[in-house]
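Quick notes on the structure that follows.
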Amino acid sequence: MTIDDITTPAYIIDENILVHNLEILKYVEDKTGCKILLAQKAFSAFYEYPLIGRYISGTTASGLYEARLGREEMNKENHVYAPAYKEKDIDELVKICDHIIFNSIGQLMRYKEKCIRSGISIGLRINPEISTQGDNAIYDPCAYGSRLGVTIDMLNKADEEVLNGVEGLHFHTLCEQDSDDLETTLVSVKKHFGDLASRVKWINFGGGHHITRPGYDIERLERCIRTVQEEWKAEVYLEPGEAWALNAGFLLTSVLDVLKNGETQIAIV
């Protein structure tokens with residue numbers, strides 16, 4: 001098949017570029033011993049899951065349907081995080097997920113026992129309260145009044161039993177950023193949550209890591225991962241999204257008409 005044989009519009013994935021990205025991510029896994037998960041909210045072209053699954057550790061979902069997709073199409077480690085869950089969704093998620101991450105103390109306390117009985121590793125999303133977004137404030141989960149993650153003040157006001165059974169911490173503060181911002185975030189995580197971080201089994205750095213972008217500082221990322229592994233004796237997870245398919249997708253269209261209005265050139269596709 002050639003491009004002329006494709007009915008447009010069509011979205012085309014260049015598997016050579018996809019594999020290039022996968023090799024970079026696998027390199028980070030192999031070099032550091034961390035685990036990298038496909039964030040399906042950013043890339044859910046499940047035709048490619050068998051290929052992706054040969055390089056990395058699993059999938060992460062933002063809800064029930066993505067969790068089903070990850071289990072059915074890749075069937076490796078399957079994680080889920082959502083700002084809130086319905087009880088009927090939890091009843092299914094405990095059957096198909098390995099990690100379930102909660103956004104609030106209320107959700108954690110509501111569903112914790114059900115997860116423990118099912119052998120699920122429970123995580124709590126924390127808010128490091130450090131903003132690195134610059135002009136992208138709309139994407140900043142550490143903005144004032146954010147609904148995303150538990151602050152240290154919230155934890156300090158809760159009963160001690162809240163953290164019983166919690167095995168991991170999760171933070172997601174980046175959006176298409178380099179590892180210097182991750183390093184800044186980890187300083188704040190240590191300041192606010194260092195004691196708790198030393199008591200959990202795993203720490204999830206979330207997504208927004210632009211690892212496959214030319215010029216991304218992979219060596220700094222490796223240092224960040226090793227620092228957490230060595231200081232807190234925790235397993236490290238990353239959940240990049242766009243980095244998987246960065247520059248690997250193309251929208252193929254057909255130009256049906258060309259016209260000019262004043263100085264404006266127009267193509268109708």
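These figures come from a predicted structure and were not determined experimentally. Position 1 is the first residue of the sequence, and the numbers go up from there.
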Would you give the length of the straight line joining atom CG of L155 to atom CD1 of I105, rounded to the nearest 0.5 angstrom? 5.0 Å
L25 and Y55: CA distance, side-chain angles, deciding distance, side chain to side chain contact (heavy atoms under 4.5 Å, CB included) verdict: CA-CA 8 Å; L25 295 167; Y55 288 85; over 6 Å; no
Distance from E92 atom CD to C97 atom SG, nearest 0.5 Å? 9.0 Å
If we ignore hydrogens and angles and just use 3.5 Å, is the side chain of D14 paired with the main-chain N or O of A248 as donor and acceptor? no
Before we go on, tell me: are the rings of Y237 and F205 under 6.0 Å apart, centre to centre? no
Answer whether the closest heavy-atom distance between the side chains of V28 and I225 falls below 4.5 Å. yes
More than 12 heavy atoms from other groups under 6.0 Å of OH on Y216: yes
Residues E176, R213: salt bridge by 4.0 Å N-O rule: no
Without swapping roles, check the side chain of K41 against the backbone of G241 for a donor-acceptor pair under 3.5 Å. no
Look at D98 together with K76 and state whether they make a salt bridge at an N to O cut-off of under 4.0 Å. no
Following the transitive rule for hydrophobic clusters with a side-chain heavy-atom cut-off under 4.5 Å over Ile, Leu, Val, Met, Phe, Trp and Tyr, establish whether F46 and Y11 coincide in one cluster. yes
In sequence, state the C-alpha distance, the side-chain angles, and the governing distance for I24 and I218, and then conclude on side chain to side chain contact (heavy atoms under 4.5 Å, CB included). CA-CA 9 Å; I24 293 173; I218 291 179; 3.8 Å; yes
Can you give the donor-acceptor pairs under 3.5 Å from side chains of residues 261-269 to other protein atoms, not counting sequence neighbours?
none

Quick one: pull up OH in Y85 and CD1 in I101 and give me the separation to the nearest 0.5 Å. 7.0 Å
To the nearest 0.5 Å, how far apart are OG1 in T8 and CD1 in I3? 11.5 Å
As a quick check of understanding, evaluate side chain to side chain contact (heavy atoms under 4.5 Å, CB included) for H99 and H170, giving each step before the final call. CA-CA 11 Å; H99 288 197; H170 174 280; over 6 Å; no
Taking the side chain as every heavy atom from C-beta outward, state whether V166 and L196 have any pair of such atoms under 4.5 Å apart. no
When you group the ILVMFWY residues by side-chain heavy-atom contacts below 4.5 Å and let the links chain together, are V255 and F250 in the same group? no
Using the test side chain to side chain donor-acceptor pair (under 3.5 Å), find all partners of E73 that sit at least two apart in sequence or belong to another chain. none
Quick test of your reading of the model: are E87 and K114 salt-bridged, counting only N-O distances below 4.0 Å? yes
Taking side chain as C-beta onward, heavy atoms only, is F193 less than 4.5 Å from S188? no
Any salt bridge (Lys or Arg N to Asp or Glu O under 4.0 Å) involving residues 26-36? Give me the pairs, sequence neighbours left out, ordered by first then second residue. K26-D30, K31-E222, K35-E77, K35-E235
For the atom pair CG (L93) and NZ (K88), what is the distance rounded to the nearest 0.5 Å? 12.0 Å
Nearest 0.5 Å, what's the CG-CZ distance between L163 and R199? 6.5 Å
Are L246 and F43 co-members of a hydrophobic cluster defined by side-chain heavy atoms under 4.5 Å apart? no
If you look at every heavy atom in C224 and L186, which pair is closest and at what distance? CB-CD1, 3.6 Å
Could you give me the CA-CA distance, side-chain angles and deciding distance for T184 and D180, then say whether side chain to side chain contact (heavy atoms under 4.5 Å, CB included) is met? CA-CA 6 Å; T184 299; D180 57 338; 5.6 Å; no
Of all the heavy-atom pairs spanning T185 and P128, show the shortest one and how long it is. CG2-CG, 4.1 Å
Closest non-hydrogen atom pair, N127 against P141: ND2-O, 3.8 Å
